[in-house]
Amino acid sequence: MIAVKKRITGFISVLLMVSMIAACSPNQEGGTSTPNSGEKGNTAEKPADTNKPVEITWWNFPTYQALDGEVGKYEKQLIEAFNQKHPEIKVNLEMITYDGGPEKLNVAIATNSAPDVIYDAPGRIIDWAKKDLLAPLDDMVTDEIKNDIAPAFWKQSVVDETIYMYPINTAPFMMAVNKTVFEKIGALDLLPLDKPDRTWTFDEYKKALEAVKEKAPDVIPSGFYAKSQAGDQGTRGYLANLGISRFLNEEGSEVAINTKEAGAALDWLVQAEKDGLVVSGSASLAAADVNDLFLQGKLAFSINYSAVLRAQNAPLKQAEFEDVLLPYPTLDGSEPKLEPYLGGMAIFNNDDEAKITASKTFIDFVANDPEWGKKSLIQTGGLSVRNSITGLYDDSEYEYSELARKFVTDPPTIADGYAEVRTFWFPELQRALLGAASGEEALNTFATKANDAITKAKAANTAK
């Protein structure tokens, strides 16, 4: 149960966090659902009294691609299909945006008006779980389901071995390239597309950027951004791989990106902007700004992409070109480390067991219904977290995205205090980009602040 006293105590801290919490990506942190080969995964029973429908509220980011240009239309169809099987449960849908949604959620939590169900990512869900705001979902997960999902995904879905997020879809975060640009300038051989795993080195990447600058002067070779937290996973993955490091250590207990190699990579980025290899003014650009340049055909490389984003961006393109997925280049050509996007559903514990039970029934339908589970997954353009569910798309980039799952590493979302840690990242990037600090100095300052936040959050969570 969520104690009222605990909510009141956390009211001020939640409101203070409102200004710091932002969506991880402008069009990325949504979710999908996966089929379960017709087998139910939820052990929860339906409410006993079907004469009195249970009402639950579902808040959803634009998880699914809009039908006929209408955001939320697919969600309404999903609810209608659910009600054909479960007329005893009424689902009230409220669509929220990536820009204002996080703030709206925090205010709702602080005022005891949180929704019953949310489809989101671990960054927020696990933070809520650590604050005792969510209902455990262990009774929904059968041994079959648990064994069919990689430990890396469960690691992002639990707190103290208790499941609080039902994992549904995934896709590795990586880069994308405008393949058409390289075809036009006769430089396709500079891309690692002839290699099955598409891995490549920092030097190979730089040669590709230089070719674009020389032969396609109307196209910006590559992008970067540091205005806000949105899309921060792209900047993390980009710099960590260029510097052959990790953002945090495997345990998520301290920062690992403050190495000389990563500092040198950040220094290179600053110089590359001056040399015209990276978009100018990156310190004042948001992830959405850079994404728009890519969709306009004005940018050769986007550093924040995935199979999900590729599907969502398809109808938004303002120029005709082929976008192809690539892993981040590494300094020495070693295997990249890719943060996984993970989408899933959680239940706020609003002190109503009937609503919790009904919410579990709804989540089970979204994730495991033989027809709508698969349909929903495809509607978002995501991959299943289930190892047994592959080949949903007849598309080479989805095939590569499934292959690239072997490069997935532990995401920083598992760290205590992650919500605060990420607020220190972009200001330090800005300092380096604006020449106020070297790359190594900026990363060391970030590490000091972030490690302190992790230590304090861990102590607070342990004391509960």
Side-chain angles (χ1 to χ4, degrees), residues 171-224 234-235 237-244 261 264-265 268-269 271-280 282 290-291 293-307 309-311 313-314 317-338 393-408:
F173 285 118
M174 57 183 96
M175 298 176 68
V177 61
N178 183 328
K179 181 182 176 182
T180 305
V181 167
F182 282 85
E183 290 174 333
K184 289 181 177 179
I185 65 175
L188 199 58
D189 62 311
L190 296 180
L191 302 177
L193 300 179
D194 59 340
K195 300 170 64 175
D197 61 6
R198 302 183 184 180
T199 55
W200 54 333
T201 67
F202 192 6
D203 285 338
E204 290 171 335
Y205 171 59
K206 287 187 287 187
K207 288 179 181 178
L209 297 181
E210 291 164 355
V212 173
K213 179 185 177 182
E214 178 185 350
K215 300 179 180 180
D218 58 330
V219 178
I220 304 167
S222 189
F224 198 76
T235 58
Y238 186 66
L239 286 174
N241 280 284
L242 291 183
I244 53 173
E261 292 82 4
W268 169 83
L269 180 65
Q271 185 60 47
E273 182 174 330
K274 296 176 182 177
D275 294 340
L277 299 179
V278 173
V279 62
S280 62
S282 59
V290 177
N291 188 55
L293 288 173
F294 188 67
L295 296 180
Q296 293 169 26
K298 297 179 180 179
L299 191 70
F301 287 95
S302 174
I303 67 166
N304 184 40
Y305 230 66
S306 70
L309 255 180
R310 184 171 177 267
N313 282 340
K317 285 183 178 178
Q318 300 175 43
E320 291 187 11
F321 66 92
E322 183 180 0
D323 48 350
V324 176
L325 297 171
L326 288 175
Y328 297 111
T330 57
L331 187 64
D332 56 0
S334 56
E335 288 192 350
K337 295 180 176 65
L338 306 180
Y393 308 92
D394 183 17
D395 182 283
S396 61
E397 296 313 295
Y398 275 106
E399 292 177 3
Y400 175 69
S401 191
E402 287 187 338
L403 180 150
R405 287 175 62 169
K406 70 179 183 177
F407 301 136
V408 165

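Counting from 1, the numbers follow the sequence of the chain as shown. What you are looking at is a predicted structure, and each value in this text was computed from that prediction instead of being measured.
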Reported [atom1]-to-[atom2] distance for the pair [X] and [Y], which is rounded to 0.5 angstrom:
{"X": "Asp275", "Y": "Lys213", "atom1": "CG", "atom2": "NZ", "answer": "5.5 Å"}
{"X": "Asn291", "Y": "Leu299", "atom1": "CG", "atom2": "CG", "answer": "9.5 Å"}
{"X": "Asn178", "Y": "Lys317", "atom1": "CG", "atom2": "NZ", "answer": "8.0 Å"}
{"X": "Phe182", "Y": "Leu193", "atom1": "CZ", "atom2": "CG", "answer": "9.5 Å"}

Is any NZ, NE, NH1 or NH2 atom of the basic residue among Asp395 and Arg310 found under 4.0 Å from an Asp or Glu carboxylate oxygen of the other?
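Salt bridge flag = yes for Arg310 with Asp395.
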Electrostatic pair Glu397-Arg198, nearest N-O below 4.0 angstrom
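Yes, Glu397 and Arg198 are salt-bridged.
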Whether the side chain of [X] engages the backbone of [Y] through a donor-acceptor N/O pair (distance < 3.5 Å, no angle test) should be reported.
{"X": "Asn304", "Y": "Thr235", "result": "no"}
{"X": "Tyr400", "Y": "Asp197", "result": "yes"}
{"X": "Thr330", "Y": "Asn241", "result": "no"}

Thr199 to Pro336 - nearest heavy-atom pair and separation:
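Of all heavy-atom pairs spanning Thr199 and Pro336, the closest is CG2-CD, 3.7 Å.
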Neighbour count above 12 (heavy atom, 6.0 Å) for [X] [atom1]:
{"X": "Asp332", "atom1": "CG", "result": "yes"}
{"X": "Lys207", "atom1": "NZ", "result": "no"}
{"X": "Lys298", "atom1": "NZ", "result": "no"}

